Amino acid sequence: MKWKTLLLGAGIGIAAAYFFTEASKQQAIKPEKALKIAKDAFKKKGPVDGSWIQMVPETVIKHDISYSVYRGGISRRIDKVLEQYEFIVDKSTGVLLDVNQIK
């Protein structure tokens, strides 16, 4: 009887570990990670002076598809001229969906 209980407990433990591992793979990214993704993209073209991100995601519809996104901003100086940009990052995948320069 003890072996059956032990094997049943081990089987449940393995199944739970698999479930939680798969669930963690599909977790949304955190706002700090979204900001890092955007900053890294901007740093490819020059230094970043400042940045911000909204901590609460919002829903955006783009090309008739609904996305849960983080909205943020980047500022930098190019030839002593301040440039400011607004961006959105997909909460699920971390993909930079849109960037607009603020005039």
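Treat the numbers as computed from the prediction; the structure is a model and nothing was measured.
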* Salt-bridge criterion met for K36 and D40 (N-O under 4.0 Å) -> yes

* To do: Following the transitive rule for hydrophobic clusters with a side-chain heavy-atom cut-off under 4.5 Å over Ile, Leu, Val, Met, Phe, Trp and Tyr, establish whether I37 and V69 coincide in one cluster.
  => no

* Report yes if the side chains of R76 and Q84 come closer than 4.5 Å at any heavy-atom pair, otherwise no. => no

* **Verdict with supporting geometry, R71 and V60, side chain to side chain contact (heavy atoms under 4.5 Å, CB included)** => CA-CA 10 Å; R71 186 176 298 275; V60 171; 3.9 Å; yes

* To do: State the NZ-CD1 distance between K62 and I88, to the nearest 0.5 angstrom.
  => 5.5 Å

* Asked: Atom CG in D49, atom CZ in F42: separation rounded to 0.5 Å?
  -> 12.0 Å

* How many angstroms lie between atom NZ of K39 and atom NZ of K44, to the nearest 0.5 angstrom? -> 15.0 Å

* To do: May I ask you to test the Y67-L97 pair for a side-chain heavy-atom distance under 4.5 Å?
  => yes

* Asked: Side chains of V89 and V95: does their closest heavy-atom pair fall under 4.5 Å?
  -> no

* **Rounded distance [0.5 Å steps], CE in M55 versus CG in L35** => 9.5 Å

* **Minimum heavy-atom distance between A41 and L96, given as atom pair plus value** => CB-CD2, 4.1 Å

* Asked: Can a salt bridge be assigned to the pair R77 and E83 using a cut-off of 4.0 Å between side-chain N and carboxylate O?
  -> no

* Asked: Could you state the interatomic distance from OG1 (T59) to NZ (K91), rounded to the nearest 0.5 Å?
  -> 9.0 Å

* Asked: Given side chains that start at C-beta, do those of L82 and S75 come closer than 4.5 Å, heavy atoms only?
  -> yes

* Output yes when a side-chain donor or acceptor of Y70 lies under 3.5 Å from a complementary backbone atom of I29, and no otherwise. => yes

* **From CZ (F87) to CD1 (I53), nearest 0.5 Å** => 4.0 Å

